[in-house]
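In what follows, a structure is listed as structure tokens, so that the remarks can point back to it.
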Amino acid sequence: MSANKVLTRMARRFVAGETAEEALKVVASLNERGVLASLDLLGENVSSADDAKRCAAEYCSLIAAIASAGLQANVSLKLTMLGLDSSEELCRDNLTAILDIARSKGNMFVRIDMEGSAYTQKTLDVFLALRREYDNLGIVLQAMLKRTQEDLRRILDAGGRVRLCKGAYKEPPALAFQKMYEIQANFLECVNLLFERCELPAIATHDQRLIDETLKLAARRDRAKDSFEFQMLYGLRRDTWYSLSAEGYRFRVYVPFGTHWLPYFTRRLRERKENVLFVLSNLFSR
Ligand SMILES: Cc1cc2nc3c(=O)[nH]c(=O)nc-3n(C[C@H](O)[C@H](O)[C@H](O)COP(=O)(O)OP(=O)(O)OC[C@H]3O[C@@H](n4cnc5c(N)ncnc54)[C@H](O)[C@@H]3O)c2cc1C
């Protein structure tokens, strides 16, 4: 088998397919079991304005397809796919086009993923500028970054909705906590703030300790089970999606699809050696 074929087969664990049709089928099967989805068209760092426009148009078609299929799903996107590297204005225009379509389709929610620290401030700026006009726009913050609690307060002041995750990018010690226990502690302090001030926060982690502590904090703060949501990545901890959802918690799976899967797939493998072992064992047991 060629190296390319091997990689493609391994990636299929984390990627729902190469086309929107394949991804929508996955979403329909999640919805049947009470689980929500967020669709992510894979890709990052486009280099030309035309490519950025094309990506925005693909997101617009995706939103229309989700709405016409009546699926319980929203979309997640990366600003570098919409031209952030070329100009903030181009990126804002592309995002506005997506938000207008989403608004016309039942005010579908659009979440901006957070990329590496070189983009944190620019991503926040674009979010805060558009958030004034669009209540269907949300953002992601990364607990590994030392600036995150400050950013969180600013976003909460603007009434923004946040997905909290640890952060998938390698960051230097000057900017980011390096030890897992520090990242977990910051994560939980952020959850606490979110439960105090955010209407529908998203807690995105596969880490059982953080899930247990989040459940305790929710109980302590009397948060209803549907007033926040857990989120996990497609391909990881499938049993937990269905068990927490069956217990009445809102649960959303992040479903990436598309042909540009390599950077996303590489980040998943770098995170945990178990991910590598899982894909390798799948590869050779079929
Ligand atoms: C929905 C979603 C959206 C995301 N969006 C972004 C984004 O926009 N930007 C970004 O930078 N990152 C994003 N991420 C990735 C995130 O930042 C982390 O890189 C990734 O989730 C790994 O961290 P973790 O907390 O899930 O657990 P890990 O750090 O991978 O695992 C920590 C511990 O969790 C436990 N654990 C993990 N997996 C299992 C398992 N299968 N069974 C039992 N215990 C387990 C183990 O004790 C493990 O040691 C997102 C993640 C999710 C889930």
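We count ligands from 1, going down the list as the structure has it; atoms in each ligand are counted the same way. Side chains included, hydrogens not; waters and symmetry mates left out as well; all remaining heavy atoms used.
- Salt-bridge annotation for R12 and E22: present, with a side-chain N of the basic residue lying under 4.0 Å from a carboxylate O of the acidic one.
- Look at L233 and you'll find a heavy atom under 4.0 Å from some atom of ligand 1.
- Looking at M180 against ligand 1, only its side chain comes within 4.0 Å, counting heavy atoms.
- For ligand 1, the atoms sitting less than 4.0 Å from at least one non-hydrogen atom of A204 are 1 (C), 2 (C), 52 (C), 53 (C), numbered in the order shown with element in parentheses.
- The backbone and the side chain of Q231 each have at least one atom closer than 4.0 Å to an atom of ligand 1 (non-hydrogen atoms only).
- Here is the list of ligand 1 atoms found below 4.0 Å of a heavy atom in Y169: 11 (O).
- On a distance-only criterion, Y254 and ligand 1 share no N/O pair closer than 3.5 Å.
- Within the 4.0 Å heavy-atom criterion, neither part of R209 lies near ligand 1.
- Inspection of the S38 and Q231 side chains reveals no N or O donor paired with an N or O acceptor under 3.5 Å.
- By the 3.5 Å distance cut-off applied to N or O atoms, A168 is counted among the residues near ligand 1.
- Both tests do not hold together for R250 against F228: distance to the six-membered ring centre under 6.0 Å, angle to the ring axis within 45°.
- Comment: R54 engages D51 in a salt bridge, judged by a side-chain N to carboxylate O separation of less than 4.0 angstrom.
- When each atom of ligand 1 is checked for a heavy atom of G167 under 4.0 Å away, the hits are 11 (O), 16 (C), 17 (O), 19 (O).
- Considering only non-hydrogen atoms, atom 43 (C) of ligand 1 lies nearest to R237 out of R252, R238, R237.
- Counting heavy atoms closer than 4.0 Å to ligand 1, residue V140 contributes side-chain atoms (C-beta onward) but none from N, CA, C or O.
- Crowding of K170 atom NZ: a count of heavy atoms from other residues, nucleotides or ligands under 6.0 Å not exceeding 12.
- In this structure, R153 does not pair ionically with E150, as no charged nitrogen and carboxylate oxygen lie closer than 4.0 Å.
- Under the side-chain contact (heavy atoms from CB on, under 4.5 Å) test applied with E229, the options L36, I203, L244 reduce to a single match, L36.
- Looking only at side-chain heavy atoms (C-beta outward), W241 and Y234 come within less than 4.5 Å of each other.
- For the pair R33 and Y242, the cation sits on the ring face: its NZ or CZ lies under 6.0 Å from the ring centre, inside 45° of the axis.
- Atoms of ligand 1 found under 4.0 Å from any heavy atom of D113, numbered from 1 in the order shown, are 8 (O).
- Only the side chain of Q142 comes within 4.0 Å of ligand 1, judged by heavy-atom distances.
- Ion pairing between a basic and an acidic side chain is recognised when a charged N comes within 4.0 Å of a carboxylate O; K166 and D207 show such pairing.
- The atoms of ligand 1 that sit less than 4.0 Å from any heavy atom of T205 are 24 (P), 25 (O), 26 (O).
- Within the set H206, M144, E115, M114, the minimum heavy-atom distance to atom 45 (C) of ligand 1 is found for H206.
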